[in-house]
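All ligand and atom numbering here is 1-based and tracks the order in the structure.
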Amino acid sequence: MAKVYYENDADIDLIRSKKVAIIGYGSQGHAHALNLKDSGVDVVVGLRAGSSSWEKAEAAGLQVAEVADAVAQGDVVMILVPDQHQRSVYAEQIAPNLKPEAALFFAHGFNIRYGYIKPDTTHDICMVAPKGPGHKVRESYVDGQGIPAIVAVEQDASGQAWPLALSYAKAIGATRAGAIETTFTEETETDLFGEQAVLCGGVSKLIQYGFETLTEAGYQPEIAYFEVLHEMKLIVDLIWEGGITKQRWSISDTAEYGDYVSGPRVIGEQVKASMKDVLNDIQDGTFARRFIEDQDNGGQEFKALRAEGEAHPIEATGKKLRAQFGWSKADSDYVDGSAAR
Ligand code: NDP
Ligand code: MG
């Protein structure tokens with residue numbers, strides 16, 4: 001049985017007694033920085049000079065400094081820049097400025113698991129990885145709830161790494177939902193697998209094939225969009241609330257019977273075999289190498305694949321339909337249809 005920590009298992013005063021440097025102010029960075037601040041923690045956000053996020057962070061009432069400067073102040077340094085850039089940011093700006101006893105925190109184990117970052121033995125190495133996108137981590141904290149997180153300690157130099165990790169998890173709201181104990185290896189491998197095989201890769205491809213199948217058979221793209229994409233959220237909400245059983249309870253008997261007889265035809269044994277191949281590539285480092293090599297090469301493959309995805313006909317259909325929805329847009333960094341980055 002996995003060990004899960006809740007509010008009473010963590011002492012928030014521990015993190016309140018430290019200066020926390022949050023490096024990066026993106027999806028996770030803004031959420032961690034603001035949640036910590038609202039939990040009474042002394043936070044400094046570390047950004048590169050001229051960062052477009054600088055003003056945003058200051059406007060939110062946060063202290064902001066250049067990465068090197070923020071790191072030098074931090075008793076705890078949480079690295080929240082994209083995984084592919086962590087290695088160089090660490091080597092150039094973090095390692096040379098890190099207090100010898102500072103604790104290093106991550107929200108994903110990638111760089112430690114695959115050896116791209118190798119901190120000195122004097123540092124605690126901890127992970128607090130919310131199991132949700134940053135904007136949800138912030139939103140749900142403000143609502144008095146929390147996104148569950150997983151916590152791990154790779155190196156316990158101080159003897160206090162676990163209480164410190166749990167204290168941090170509490171301050172971002174995670175122990176309200178549950179902080180699950182894991183290792184850097186388990187987190188990294190399961191996280192990559194989940195997003196590749198099921199959550200992102202699997203679902204995206206499933207939606208695209210569904211849309212193609214219907215439109216190639218002559219059905220209207222708008223109908224196909226609602227059937228295979230829009231409704232996905234409603235179905236997933238039910239699964240999230242009460243498992244697959246609740247979803248099947250809510251849908252019609254016709255839909256439920258179709259689920260049983262056709263689901264295994266679409267997602268057959270060969271899909272599971274492919275999933276095992278994907279997992280192998282994650283475990284033996286093949287995926288990590290391919291990703292980092294491409295990133296070092298300017299992300300050429302990555303950009304080509306992104307452009308190909310954005311050009312899929314379902315995107316244009318969806319953009320038109322969503323523009324007509326009668327409800328207002330949630331405040332977001334993402335501008336629908338422009339893929340502004
Ligand atoms: P983002 O892409 O949102 O991070 C962007 C931030 O990183 C920006 O503030 C950006 O600076 C800064 N940044 C990028 N490159 C550099 C650089 N070279 N030097 C200094 N700052 C830089 O990252 P995420 O929040 O998505 O991911 C952060 C970590 O959290 C990763 O380890 C990821 O795996 C993990 N994670 C992410 C989740 C998510 O929801 N996205 C979920 C769980 C874990 P600027 O403002 O100047 O552009
Ligand atoms: Mg993930």
Between Gln145 and Tyr141, do the side chains contain an N or O donor and an N or O acceptor separated by less than 3.5 Å?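 Note: Gln145 and Tyr141 side chains miss the donor-acceptor criterion.
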Can you confirm whether the side chains of Gln63 and Glu58 place a donor and an acceptor under 3.5 Å from each other?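 Not at all, the side chains of Gln63 and Glu58 share no donor-acceptor pair under 3.5 Å.
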Atom indices of ligand 1 within 4.0 angstrom of Val89 heavy atoms, with elements: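 Numbered from 1, ligand 1 contributes 17 (C), 18 (N), 19 (N).
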With a heavy-atom distance limit of 4.0 Å, tell me whether Gln93 approaches ligand 1 through its side chain, its backbone, both, or neither.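 Looking at Gln93 and ligand 1, no heavy atom falls under 4.0 Å.
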For Ala129, which part has a heavy atom under 4.0 Å from ligand 1: side chain, backbone, both, or neither?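 It is neither part, as no heavy atom is under 4.0 Å.
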Looking only at non-hydrogen atoms, which of [options] approaches [atom] most closely?
atom	options	value
atom 33 (C) of ligand 1	Val67, Ile23, Asp83	Asp83
atom 3 (O) of ligand 1	Ala57, Gly132, Ser27	Ser27
atom 16 (C) of ligand 1	His85, Arg48, His30, Glu66	Arg48

Between Glu256 and Arg248, is the closest basic N to carboxylate O distance under 4.0 Å?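 No, no charged N to carboxylate O under 4.0 Å.
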With a 4.0 Å cut-off on heavy atoms, is Pro82 touching ligand 1?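 For ligand 1, residue contact (heavy atoms, under 4.0 Å) with Pro82 is present.
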Between Leu206 and Val228, does a side-chain contact (heavy atoms from CB on, under 4.5 Å) hold up when you go through it step by step? CA-CA 9 Å; Leu206 192 66; Val228 304; over 6 Å; no
Check for me whether the distance between the ring centres of Phe211 and Tyr225 falls short of 6.0 Å.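 Here the rings of Tyr225 and Phe211 have centres that are no less than 6.0 Å from each other.
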Is the positively charged end of Lys3 above the ring of Tyr5, judged by distance under 6.0 angstrom from the centroid and angle within 45° of the axis?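 No.
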Min N/O separation Pro130 to ligand 1 under 3.5 Å: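 Looking only at distances, the answer is no, because the N/O contact criterion of under 3.5 Å is not met.
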